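These notes concern the structure reproduced below.
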Amino acid sequence: MGIKGVSSAPGDFIYFKSQVPLHRIPIGTKQWRYYDFGPKVVPPLICLPGIAGTADVYYKQIMFLSMKGYRIISVDIPRVWNHQEWIQAFEKFLDAIDVHHIHLYGTSLGGFLAQLFAQHRPRRVKSLILSNSFIETKSFSAAMPWAPMYAPGIRDGPHEPFIADSVDFVVSQVEMLSREDLASRLTLTVDDASIGPLLLPDSSITIMDTNDYCAVPLQLKDQLNERYSEARRAYLKTGGDFPFLSRPDEVNLHLQLHLRRVGVEARPDLVQVVPKADSDSGPSEKKDERGGDDDTHEDDNERNGSSPSENQTPPAPESSESHSIEDRLLDNAEACYLANEMLLSTHGENKVLVAVLLLHYIQMIYVGCLMPGIKDAGSSHLLSFIPNW
């Protein structure tokens with residue numbers, strides 16, 4: 001299914017698409033769709049989305065951190081059907097793009113897959129940032145946990161506009177996923193597995209959670225916190241399930257702090273500002289489509305050689321004064337980290353509604369997946385519970 005309308009996309013996302021090239025490479029039977037932006041000499045931060053996410057959901061992180069001199073790679077989770085296949089496919093992807101040592105930022109399912117890769121390929125993973133994630137899938141593969149988890153119901157009270165906007169954006173991404181893509185991700189989520197011991201020290205892990213509503217149950221987040229008891233904490237007062245969209249400034253700050261702390265040296269000297277395009281030469285409006293065999297949707301502004309250099313960065317008007325203020329904020333936040341004072345306020349009372357479309361859609365899938373005999377009958381049965389777009 002294609003985009004509902006380019007005009008409905010956020011303005012900064014449209015500009016991002018006009019400046020940052022989308023890549024696709026086939027590796028074996030897998031099709032990888034990803035962004036890779038920033039100085040190539042810098043060890044990359046690779047962003048892994050959750051069930052409903054695509055490479056596009058991290059566009060705010062790509063824009064901000066690449067401007068600071070970091071290399072950011074954001075990927076779609078490819079169509080794999082078990083955890084071992086994920087590990088092998090991701091390793092082949094890293095080999096194909098000639099990346100050896102990585103830092104992983106994963107949210108929800110993406111956080112679980114990041115830990116899984118760190119466990120089985122410890123030499124490649126130098127640090128982890130885990131957001132609203134978990135360390136085992138038993139709770140998901142057990143009988144019927146999905147109704148309370150993914151269908152919390154409509155919450156009373158006002159919903160903050162930035163969270164509503166983040167949900168709208170993710171829903172637009174879900175609509176671009178094929179039935180096979182969703183079935184694959186759901187299979188990875190209900191496939192019973194747990195994370196074993198990591199060789200990575202807790203000091204190389206940051207846990208970034210939101211303190212308001214989140215679809216991942218608190219008990220699962222607590223398990224992860226107990227496992228990595230010495231990890232750095234970066235709690236956000238609000239942000240919902242998608243803080244990288246709803247609270248980008250805070251998330252970007254914590255990501256920058258993490259990368260600085262684990263020794264990633266940014267190269268702002270290699271950043272070249274891309275001249276802003278004329279107002280009458282906006283992005284093309286090709287429709288996105290997902291479907292077919294192991295393929296992903298066409299991007300509305302994919303580049304084929306005429307793209308700006310990947311060391312170039314979308315411009316943002318910043319004065320030397322703003323740089324100075326930001327540096328002071330970063331230093332102050334780092335001092336708070338060292339003093340163990342990064343905890344923000346605790347659980348808020350306001351709960352956030354995940355869009356009704358996404359709720360009902362995923363609830364139907366999960367309930368169907370966990371009916372007796374369905375999960376063990378093979379991943380192909382998952383497709384029968386996912387409607388055609």
Side-chain angles (χ1 to χ4, degrees), residues 3-23 33-38 45 47 49 52-76 105 107 131 159-176 236 238-256 268 271-288 297 299-303 307-319 322-323 325-326 329 355:
I3 290 180
K4 293 300 184 186
V6 174
S7 61
S8 64
D12 60 343
F13 179 64
I14 293 174
Y15 181 64
F16 163 79
K17 298 290 281 182
S18 74
Q19 298 297 326
V20 180
L22 172 72
H23 301 276
R33 177 183 179 275
Y34 67 101
Y35 296 97
D36 182 355
F37 212 62
L45 174 68
C47 305
T54 65
D56 299 83
V57 299
Y58 294 110
Y59 77 93
K60 294 178 182 287
Q61 286 64 55
I62 297 171
M63 291 180 70
F64 177 85
L65 292 170
S66 63
M67 184 180 67
K68 297 300 179 186
Y70 294 101
R71 180 183 181 185
I72 309 299
I73 300 174
S74 181
V75 305
D76 277 6
Y105 167 39
T107 58
S131 181
H159 303 143
E160 296 175 272
F162 53 84
I163 294 180
D165 290 344
S166 74
V167 172
D168 288 344
F169 185 85
V170 172
V171 168
S172 74
Q173 297 298 304
V174 171
E175 292 176 339
M176 294 189 296
L236 308 179
T238 61
D241 285 291
F242 317 115
F244 42 87
L245 289 167
S246 61
R247 290 292 190 196
D249 292 343
E250 292 177 60
V251 169
N252 292 340
L253 176 65
H254 290 308
L255 292 176
Q256 196 173 358
V271 173
Q272 300 177 19
V273 175
V274 178
K276 192 162 185 177
D278 295 334
S279 60
D280 59 348
S281 58
S284 62
E285 299 188 4
K286 293 180 184 177
K287 288 190 176 182
D288 280 24
H297 68 276
D299 193 80
D300 62 302
N301 203 34
E302 184 175 359
R303 300 295 196 274
S307 62
S309 165
E310 289 166 18
N311 285 343
Q312 295 178 335
T313 305
E318 290 189 70
S319 65
S322 68
H323 274 298
I325 293 172
E326 183 182 73
L329 288 172

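Only heavy atoms go into these numbers, but all of them, side chains included; no hydrogens, no water, no symmetry mates. Please read these numbers as outputs of a predicted model, since none were measured by experiment.
- The backbone N or O of Thr107 sits nowhere less than 3.5 Å from a side-chain atom of Ser131 that would complete a donor-acceptor pair.
- Rounded to the nearest 0.5 angstrom, Leu245 CG and Tyr59 OH are separated by 6.0 Å.
- No option in Thr238, Leu236, Ile163 other than Leu236 meets the side chain to side chain contact (heavy atoms under 4.5 Å, CB included) test with Pro243.
- Across all their heavy atoms, Val271 and Ser66 have their closest contact at CG2-O, 3.4 Å.
- Ring geometry for Phe169 versus Phe13: interplanar angle over 60°, hence perpendicular rather than tilted (30 to 60°).
- With a 4.5 Å cut-off on side-chain heavy atoms, Ile73 and Tyr35 do not count as touching.
- The shortest side-chain heavy-atom distance between Asp56 and Arg33 falls under the 4.5 Å cut-off.
- Residues Leu45 and Tyr58 have side chains not in contact (no heavy-atom distance under 4.5 Å, counting atoms from C-beta outward).
- Under the 3.5 Å distance criterion, the side-chain polar atoms of Asp76 are matched with a main-chain donor or acceptor of Ala55.
- Considering only heavy atoms from C-beta on, Phe37 stays 4.5 Å or farther from His23 through its side chain.
- Within the 4.5 Å cutoff, no side-chain heavy atoms of His254 are placed close to those of Arg247.
- How far CG of Leu255 is from NZ of Lys68: 13.5 Å, rounded to the nearest 0.5 Å.
- When side chains are defined from C-beta on, Ser74 counts as touching Ile62, because their heavy atoms get closer than 4.5 Å.
- A heavy-atom distance below 4.5 Å is not found between the side chains of Phe64 and Ile72.
- Using bins of under 30°, 30° to 60° and over 60° for the plane-to-plane angle, the ring pair Phe242/Phe244 lands in the perpendicular bin.
- Considering every non-hydrogen atom in both Leu65 and Asn252, the closest pair reads CD2-O, 4.1 Å.
- In this structure the side chain of Pro248 reaches within 4.5 angstrom of the side chain of Gln61, judged on heavy atoms.
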